[in-house]
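In listed order, ligands and their atoms are each counted from 1. Predicted model, so just to flag it, every value in this text is computed and none were measured. Counting begins at 1 with the first residue of the sequence.
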Amino acid sequence: VTLTIRPAGPQDAAAVAAIHNAGIDSGLATFETRPRTADETAARITATCPPYGFLVAEAGGAVVGWAATYPYSQREAYAGVAEFSIYLAAEARGRGHGHRLLAELLEAAEDAGLHKVTSRLFATNAASRRLCAAVGFREVGVHLRHARLHGTWRDVVVVERLLGAAAADLPSDDERI
Ligand SMILES: CC(C)(COP(=O)(O)OP(=O)(O)OC[C@H]1O[C@@H](n2cnc3c(N)ncnc32)[C@H](O)[C@@H]1OP(=O)(O)O)[C@@H](O)C(=O)NCCC(=O)NCCS
């Protein structure tokens, strides 16, 4: 099946929300517990504008995944830093679709002039950690007991990927203080 990756539009909102809600319900991917409606998802898609992006992956005429960047902080110094999320429909996972989608999201982020993309992954989310490593993220460290999900403390791994000029001549682990 050919995978098409393209910018999301409001007409994708129901599919995007359904995939997001399945990820929320799983309890494996995010601290979020409130399901998203199609309407608020449409509003989020419409409100996303450069330098941020909202992409969907389409296979066989159906949306099977989405990925988005959004502001990391309101502080001006951090205007070039974005956070990201990525969710694939369960039946579409493990086939390289996440890799393609996230790689394209990063390319778009770099083209838009962002200098860093970051996220926090549940330490137990092996697929997400492997995916991030595969597209060049480094694991910065672990926030212990960063929040509770359904009453249980969860550790999260902070990941980052530098882009554009910020990615050039990075000091090695040994050279950093
Ligand atoms: C995390 C997710 C986006 C990965 O997308 P995917 O299409 O399944 O992943 P891919 O097939 O592109 O594989 C990417 C890498 O992860 C590895 N991987 C995939 N599924 C895995 C699993 N269940 N366990 C361990 N590694 C896994 C692949 O082997 C590949 O690594 P490699 O390049 O080193 O071989 C997807 O599984 C998903 O939507 N999960 C639920 C939601 C979620 O956790 N989102 C992330 C929240 S931060």
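Listed as neighbours of ligand 1 are A29, I86, Y87, L88, R93, G94, R95, G96, H97, G98, H99, L121, N125, A126, A127, S128, R130, L131, A134, each bearing a heavy atom under 4.0 Å from the ligand.
At a threshold of 4.5 Å between non-hydrogen side-chain atoms, the residues R95 and V64 do not count as touching. Here the side chains of R120 and V157 are not in contact, with every heavy-atom distance at 4.5 Å or above. Residues V117 and F137 form a side-chain contact, since some pair of their non-hydrogen atoms from C-beta on lies under 4.5 Å apart.
Aromatic ring orientation, W66 versus Y87: parallel (interplanar angle below 30°, classes split at 30° and 60°). The aromatic rings of F122 and F31 lie perpendicular to each other, with more than 60° between the two planes, well past the 30° mark.
R44 forms a cation-pi arrangement with Y70, by the criterion of a distance under 6.0 Å to the ring centre and an angle within 45° of the ring axis.
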